[in-house]
Visitor: 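Please see the structure below; I have some questions.
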Amino acid sequence: MITSHPIISAITFLLILFPPCGNAVPADNAVFDTKGRPLRAKSRYYILPVAQGQGGGLTMSPKNRTTFCPLHVAQEDQEIYPGLPVWFLPKDSSQRVVTLSSDLNILFNTVNICLQSAGWQLIVDHTMRRKYVTTGGAIGNPGEETISSWFSIEKAGRGVNIDDYHYMIVYCPNVCQFCMVMCGHVGVFVQEDGSRLLGLTDRPLHVMFKKARSRSKSS
Ligand SMILES: *[C@@H]1O[C@H](CO)[C@@H](O)[C@H](O)[C@H]1NC(C)=O
């Protein structure tokens with residue numbers, strides 16, 4: 001046995017006493033929630049802004065008074081509202097925790113009254129010359145046809161403690177070998193009417209993920 005060597009035994013002993021990451025961390029590229037727990041695929045999380053006093057959590061909202069569908073991904077205008085919980089569904093459906101920079105579908109855990117999916121996708125608004133994030137996205141089937149529905153999570157900054165759990169949502173899918181992709185960060189466009197719609201901008205919204213309480217009755 002290797003561990004019979006005194007130095008190795010001592011190192012093993014120290015690693016048991018002082019594990020390098022504090023608690024059992026499944027992967028060093030895991031994404032963490034506001035409690036420092038790894039983000040789990042298929043659990044429900046609110047996506048909340050890091051900055052205070054600039055809107056609340058992410059939700060679904062009509063684009064404006066005349067265009068109801070598809071519902072856009074938007075930020076609640078008031079900080080007290082957490083928005084709607086989402087699920088993160090990794091491209092690799094056997095993956096149980098969400099990791100940095102990996103392709104994901106993001107899906108609101110609610111019914112979409114536009115009778116479309118509640119999954120996120122990117123759509124191009126030619127008049128505004130913007131790319132907005134809306135619902136109605138595809139779920140699964142990674143490839144060219146679903147390329148607009150894959151997002152990923154990156155770390156924001158590199159704080160030591162609490163900042164470790166601050167992230168950015170990114171559009172930079174890696175689901176199709178020969179597709180041309182313009183990568184970008186998801187941020188907020190404040191519309192003329194004051195609503196806060198999400199789209200690709202060079203000013204990323206810094207977010208954190210707060211686990212939603214599981215519902216009492218449903219499984
Ligand atoms: C609402 O958005 C649609 C689609 O971009 C646009 O054509 C329309 O002019 C907008 N309406 C208002 C009231 O801004």
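We count ligands from 1, going down the list as the structure has it; atoms in each ligand are counted the same way.
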Visitor: Are side-chain heavy atoms of F209 and V31 found at a separation under 4.5 Å?
Guide: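 Side chain of F209 against side chain of V31, heavy atoms only: contact under 4.5 Å found.
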Visitor: Side chains of T127 and D125: any donor to acceptor distance under 3.5 Å?
Guide: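 Side chains of D125 and T127: pair found under 3.5 Å.
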Visitor: Any side-chain heavy atom of N174 within less than 4.5 Å of one from V181?
Guide: no
Visitor: Who are the residue neighbours of ligand 1 when the rule is a heavy atom under 4.0 Å from any of its atoms?
Guide: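 Heavy-atom contacts below 4.0 Å: K63, N64, T66, T67, D125.
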Visitor: So, N112 versus T135: side-chain donor-acceptor pair below 3.5 Å or not?
Guide: yes
Visitor: Ignoring hydrogens and geometry beyond distance, is a side-chain donor-acceptor pair present between S102 and T99 at under 3.5 Å?
Guide: yes
Visitor: Cationic tip of R37 within the cone over F32's six-membered ring, i.e. under 6.0 Å and within 45° of the normal?
Guide: no
